[in-house]
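Worksheet: one structure, shown below.
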Amino acid sequence: MCGIIGYIGEADAVPIIVEGLKRLEYRGYDSAGIAVYNSGAFGVVKRKGRIAELEASLENANIFGKLGIGHTRWATHGEPNDANSHPHLGEKSRIAVVHNGIIENYKEIKGWLQEKGVKFASQTDSEVVAQLCEHHYDGDLMQAVIKVANILEGSYALGIMCLDEPDILMAIKKDNPLIVGISDDGNFIASDVPAILPHTTKVHYLNDKEIAILTKDDVKFYNMDSETIHREAETITWTMEGAEKGGYPHFMLKEIMEQPRVIKETIKNTLMDGANKNAIDSLDISHFNKVVITACGSACYAGIVGKYVFERLCRISVEVEFASEFRYKDPIVDDKTLVIVVSQSGETADTIGAMREAKKRGATTFAIVNAVGSTIAREADFTAYTAAGPEIAVASTKAFSAQLVLLYILAIRFAQKLGKIDDIKTAELIDEINALPEKATQVLEHTDYIQKYAAGSINSKSVFFIGRNVDYAISFEGSLKLKEISYIHSEAYAGGELKHGTIALIEEGVLVVAISCCPSLYGKIFSNVEQVISRGARVLFVSTEDTKEDDKLSLIKLPPVHELFSPSLSVIVLQLFSYYVAANKGLDIDKPRNLAKSVTVE
Ligand code: M6R
């Protein structure tokens, strides 16, 4: 939610910041703005709408400078308009601030400053940071920032510039991500790695309440007592190609197509010696009497598939909880509970909250994360990384697929450790996993039919995704994909549960996507299909079994696959179906309305 970037160096900050904002636009796209320092003043341009609007305004603005900050906004406090866009300035225009997060006590601070006669220019919570900094500024920006940070409640990642100290860019964070990038051509702050990838792969991950002071050729870190902190930079392995469309019309399609490679890399990284394998091997699974998987959105749906696989292979009961619910339900977890936390970004506020709650109660936390060095990756007791690389489209695809295979391997290894499967069975299952990239490629080679079917489905008012067992588990992800990018209402339902009420909604023309990759349940799900067809529905049947098509039933046949791992193939069909529905509707697929990729607020 919201992306921030800052630069200090010898080059013009404006194009660097605009390019960086484009790479952060997935974090929010209600408005954007930039401020640069030049000759004793800030040049500021802020526009409602996408970065493209800001870029157009910048053409006539004639601002430039070697120090600057930029922001792309996902609105929380105050409607998306020019005034509420960041950067915000103090009323004397001596301090400029970009903020990602929510200042919970902004009303009190605003009231206090207004009583002192300070005039505000926006309705945002963020403006109080700039005004308060200016109020407390007494010739030393770091001391002013420390005072302000001691007053602020809530979450923040801040980039701060001061007219009186034009040789420094200052940053501080609490409960929202902020990285510092270093290069020979200047230094950077950013919400996320892709923003600065064209310039550097050397980064520092700021911890909460740490201050970074950047000059054009140096970076120093301090704690809230103004003491120097020593830090080592990490080198990011993500590449620029991963963060670019590479000829595809949308990031989402590119990321769908990347899945065989991502699955293969994740399998390799998890089976071979290395950090993932170490994390798995280090866990004494026999110590736990309960497993909880907690996450949000797609990551949580990967967890639901994981639950089926874990329970089948390990014979251990697994609960799956939305992180936003888990943290407030007085969860029953203790030191005998393993809590698996799943997150692409590693920065989702609800998931971080759930993980901290679990740790507080004595549970052991195991994180499955994509973003290296993110908060969840750093704070979990054990971390295994998915190898999805940068995922830019708001709708998760390749990160989800990587989460699935990591969960499968985790379940197999735990089952082996618990003695629930012998070495022969383990080897068989690993062979099945190793075959997934090739099978995923086969699914991606035949997209024409899905494309055609999707084109004929754009006027659907409501779509039901049904399945049983893992086919039911993967239905949640199919339904979410369709909702978030095509704006068509959809629901995931257990096939056998339809008749207990929801079948009342089935009428002429309703689309039902039925998934059937569990051979022993084929007859059961096919009965459900007949029930909906006889009430007027048309059915897209996604199955590993040959099935006769007719004017009501269309088949998408998948390659043979072990049923437990079949969600890795069926989900590709569901992703492509949603993608082509949205593409045929002419929607903004990579940046769907009201959403942001990384939800760093509650
Ligand atoms: O970064 P995370 O995996 O923690 O994000 C969780 C959800 O916000 C995310 O999966 C969201 O549901 C996506 N838009 C789904 O496509």
Side-chain angles (χ1 to χ4, degrees), residues 262-295 298-321 333 336-344 346 351 354-355 358 363-370 376-377 380-388 399-423 425-434 436-437 470 473-474 562-568 571:
V262 160
I263 294 172
K264 195 171 179 175
E265 284 286 301
T266 305
I267 295 170
K268 192 182 89 193
N269 290 358
T270 312
L271 292 178
M272 313 276 279
D273 284 343
N276 282 8
K277 189 167 178 296
N278 284 347
I280 297 172
D281 289 349
S282 312
L283 260 187
D284 175 13
I285 182 74
S286 61
H287 170 79
F288 305 108
N289 57 20
K290 183 173 172 180
V291 176
V292 176
I293 303 177
T294 187
S298 291
C300 194
Y301 298 147
I304 296 180
V305 176
K307 170 186 164 73
Y308 279 87
V309 181
F310 266 81
E311 290 189 343
R312 182 91 70 87
L313 296 180
C314 303
R315 308 313 298 158
I316 183 168
S317 158
V318 178
E319 290 171 14
V320 183
E321 295 276 4
V333 298
K336 290 263 184 284
T337 312
L338 174 66
V339 174
I340 301 174
V341 180
V342 188
S343 176
Q344 186 285 125
T351 312
M355 182 182 69
T364 300
T365 51
F366 187 102
I368 295 177
V369 182
N370 194 46
I376 293 176
D381 297 314
F382 300 91
T383 298
Y385 283 109
T386 46
F400 177 84
S401 285
Q403 288 159 359
L404 284 186
V405 290
L406 221 155
L407 282 162
Y408 302 154
I409 297 173
L410 204 56
I412 294 170
R413 288 294 180 225
F414 286 178
Q416 190 186 18
K417 281 191 192 187
L418 291 169
K420 301 292 177 189
I421 53 173
D422 59 22
D423 289 350
K425 183 74 186 163
T426 303
E428 274 171 26
L429 292 171
I430 295 290
D431 282 351
E432 294 283 351
I433 299 273
N434 277 323
L436 286 174
V470 289
I474 201 63
H562 190 294
E563 66 178 52
L564 280 182
F565 313 136
S566 64
S568 290
V571 77

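Numbers here simply count residues along the sequence, with the first being 1. We use all heavy atoms of the structure for the numbers below, so side chains are in, but hydrogens, waters and symmetry mates are not.
Within a 6.0 Å radius of NZ in Lys264, no more than 12 heavy atoms belonging to other residues, nucleotides or ligands are found.
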**OP:** Show your reasoning for whether side chain to side chain contact (heavy atoms under 4.5 Å, CB included) applies to Lys290 and Lys336.
**Re:** CA-CA 7 Å; Lys290 183 173 172 180; Lys336 290 263 184 284; over 6 Å; no
**OP:** Would you sort out whether Arg315 and Glu311 count as a salt bridge (charged side-chain N to carboxylate O under 4.0 Å, His left out), showing the intermediate values?
**Re:** CA-CA 5 Å; Arg315 308 313 298 158; Glu311 290 189 343; over 6 Å; no
Original post:
What do the steps show when you test Val405 against Ser568 for side chain to side chain contact (heavy atoms under 4.5 Å, CB included), and what is the final call?
Top reply: CA-CA 8 Å; Val405 290; Ser568 290; 4.3 Å; yes
**OP:** Carefully, step by step, assess Gln416 and Asp423 under the rule side chain to side chain contact (heavy atoms under 4.5 Å, CB included).
**Re:** CA-CA 7 Å; Gln416 190 186 18; Asp423 289 350; 3.6 Å; yes
Original post:
Could you go step by step and tell me if Leu407 and Phe310 meet the side chain to side chain contact (heavy atoms under 4.5 Å, CB included) rule?
Top reply: CA-CA 8 Å; Leu407 282 162; Phe310 266 81; 4.2 Å; yes
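Put simply, the side chain of Val470 reaches to within 4.5 Å of the side chain of Ser566, judged on heavy atoms. Using a 4.5 Å heavy-atom threshold, the side chains of Val291 and Thr337 count as separate. Considering only heavy atoms from C-beta on, Thr294 stays 4.5 Å or farther from Val320 through its side chain. The side-chain heavy atoms of Ile474 and Tyr301, taken from C-beta on, include no pair separated by under 4.5 Å. Residues Ser343 and Asn370 have side chains not in contact (no heavy-atom distance under 4.5 Å, counting atoms from C-beta outward). Two residues are said to be in side-chain contact when any heavy atoms from C-beta on lie closer than 4.5 Å; Leu564 and Leu313 meet this criterion. When side chains are defined from C-beta on, Leu283 counts as touching Phe366, because their heavy atoms get closer than 4.5 Å. For the pair Tyr308 and Pro567, the minimum side-chain heavy-atom distance is 4.5 Å or more.
Among all heavy-atom pairs drawn from Val342 and Ala295, the shortest one is O-CB, 3.2 Å. In terms of heavy-atom proximity, Cys314 sits nearest to Ala415 at SG-N, 3.5 Å. The heavy-atom pair separating Thr365 from Ala380 by the smallest distance is OG1-CA, 3.6 Å. Nearest heavy-atom pair, Glu321 versus Val292, reported as atom, atom and distance to 0.1 Å: CG-CG1, 4.4 Å.
Side chains of Thr364 and Asp381: a donor-acceptor N/O pair is absent below 3.5 angstrom, by distance only.
Of the possible polar contacts, none joining the Lys420 side chain to the Ile316 backbone as a donor-acceptor pair under 3.5 Å is found. Under the 3.5 Å distance criterion, the side-chain polar atoms of Lys307 are matched with a main-chain donor or acceptor of Val318.
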Could you list the donor-acceptor pairs under 3.5 angstrom formed by side chains in residues 267-275, with sequence neighbours left out?
from   : atom 1 : to     : atom 2 : distance (Å)
Thr270 : OG1    : Thr266 : O      : 2.6
Thr270 : OG1    : Asn276 : ND2    : 3.2

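The ring-ring contact (aromatic ring centres under 6.0 Å, His included) test applied to His562 returns Phe565, not counting sequence neighbours. Qualifying ring-ring contact (aromatic ring centres under 6.0 Å, His included) partners for Phe400, counting only residues two or more places apart in sequence or in other chains: none.
A side-chain contact (heavy atoms from CB on, under 4.5 Å) with Ile293 holds for exactly one of Ile368, Val339, Ile304, Ile340; it is Ile340.
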